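Here the structure is a predicted model, which is why all the values come from computation and not from measurement. The first residue of the sequence shown is numbered 1, and numbering continues consecutively from there.
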Amino acid sequence: MLTIAPESAADTPEVEQLLDLSFAPGRTALSSYRLRDGVAPVAGLCLVARDEYGVIVGAIRYWPVLIDGRWRALLLGPVAVHPTRQGEGIAALLILDSLELARAQGWERAVLVGDEPYYRRFGFRRALALGLEFPEPTNPNRVLAKELCEGAMADIAGPVEKAAG
């Protein structure tokens, strides 16, 4: 049994531990982290999944970004699941729930750096992100976007930059 809830300040140390366990030690050196430095995550969209013992077994975070200094977007990531619980659909549940919350909050678009074969089932496409420029070094073939409302990525291009929140 899982419980999905917004991440609280009290959850942060446990979420950071999960992220350290799930990703390489140098995860914060990735270019996408430069878009997060000094910026608060989007309240209400950062979720945790707890098991029946109250232990956090999954987490997802979102950050505000601007595309070409004009268009607001969500930067999805990181999303992590404890290695002993992978393959159970926890990440998918977190992604689907959080994208619905984002749509309800009025967000129009989301972007990420990841594997299209995995994220395609959630509606993320490389074709929607062709005009986006992430900080270097980012493999442009891994930049994906999703429209949370129809047409939200039409004619959207330019550098992806930090937003104030």
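In this structure a side-chain-to-backbone donor-acceptor pair under 3.5 Å is present from Arg126 to Pro140. Between the side chain of Arg109 and the backbone N or O of Ala73, no donor-acceptor pair lies under 3.5 Å. The main-chain N or O of Arg120 is found under 3.5 Å from a side-chain atom of Arg125 such that the two form a donor-acceptor pair. Judged by distance alone, with hydrogens and angles left aside, the side-chain atoms of Ser22 form no donor-acceptor pair with the main-chain N or O of Leu19 at under 3.5 Å.
With rounding to the nearest 0.5 Å, the separation of CZ in Arg34 from CD in Glu161 is 13.0 Å. Summarising the geometry, atom CD belonging to Glu88 is positioned 11.5 Å from atom NE2 belonging to His82; distances are rounded to the nearest 0.5 Å. With rounding to the nearest 0.5 angstrom, the CD1 atom of Ile56 is 9.5 Å from the CD atom of Gln17. Note: Tyr62 OH to Leu112 CG = 8.5 Å, rounded to the nearest 0.5 Å. Rounded to the nearest 0.5 Å, atoms CG (Leu94) and CD1 (Ile4) are 4.5 Å apart. Taking CG from Leu96 and CG from Leu101, the interatomic distance works out to 11.0 Å, rounded to the nearest 0.5 Å.
Partners of Glu133 under the side chain to side chain donor-acceptor pair (under 3.5 Å) rule, at least two apart in sequence or in another chain, do not exist in this structure. Taking the side chain to side chain contact (heavy atoms under 4.5 Å, CB included) definition, one finds that Asp51 meets it with Tyr53, Val55, Val57, Arg85, sequence neighbours left out. Shown here are the side chain to side chain donor-acceptor pair (under 3.5 Å) partners of Arg142, two or more places apart in sequence or in another chain: Asp115. In this structure Thr138 satisfies the side chain to side chain donor-acceptor pair (under 3.5 Å) test together with Ser31, sequence neighbours excluded.
Minimum heavy-atom separation, Arg72 to Trp107: NH1-CH2, 3.5 Å. Closest non-hydrogen pair, Pro6 versus Asp11, comes out as O-OD2, 3.9 Å. Considering all non-hydrogen atoms of both residues, Val15 and Ala59 come closest at CG1-CB, 3.9 Å. Nearest heavy atoms, Arg121 versus Ala92: NH1-CB, 4.3 Å. For Leu18 against Ala80, the heavy-atom pair with the smallest separation is CD2-O, 3.8 Å.
Applying the 6.0 Å contact sphere to CD of Glu52 captures more than 12 heavy atoms from other residues, nucleotides or ligands. Within 6.0 Å of CG in Asn139 there are more than 12 heavy atoms belonging to other residues, nucleotides or ligands.
Placement of Leu130 and Leu76 in two distinct hydrophobic clusters is found when ILVMFWY residues are connected by side-chain heavy-atom separations under 4.5 Å, directly or transitively. Taking hydrophobic clusters as Ile, Leu, Val, Met, Phe, Trp and Tyr residues chained together by side-chain heavy-atom distances below 4.5 Å, Leu74 does not share a cluster with Leu66. Linking Ile, Leu, Val, Met, Phe, Trp and Tyr residues whenever their side-chain heavy atoms come within less than 4.5 Å leaves Val79 and Leu21 in two separate clusters.
Under a 4.5 Å side-chain heavy-atom criterion applied to ILVMFWY residues, the cluster that includes Leu128 comprises Leu35, Trp63, Val65, Ile67, Trp71, Leu75, Val111, Val113, Leu132, Phe134, Val143, Met153, Ile156, Val160 as well.
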Under 3.5 Å donor-acceptor pairs involving side-chain atoms of residues 41-49, not counting sequence neighbours:
none

Q. Which is it for Leu2 and Arg50 under the side chain to side chain contact (heavy atoms under 4.5 Å, CB included) test, yes or no, and what are the steps along the way?
A. CA-CA 5 Å; Leu2 289 177; Arg50 292 184 181 281; over 6 Å; no
Q: With side chain to side chain contact (heavy atoms under 4.5 Å, CB included) as the test, would you mind laying out the steps for Leu144 and Phe122 before giving the verdict?
A: CA-CA 11 Å; Leu144 311 175; Phe122 307 109; over 6 Å; no
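Within the 4.5 Å cutoff, side-chain heavy atoms of Pro78 are placed close to those of Arg36.
Under 4.0 Å is where a charged nitrogen must lie from a carboxylate oxygen, and between Glu16 and Arg61 at least one such pair does.
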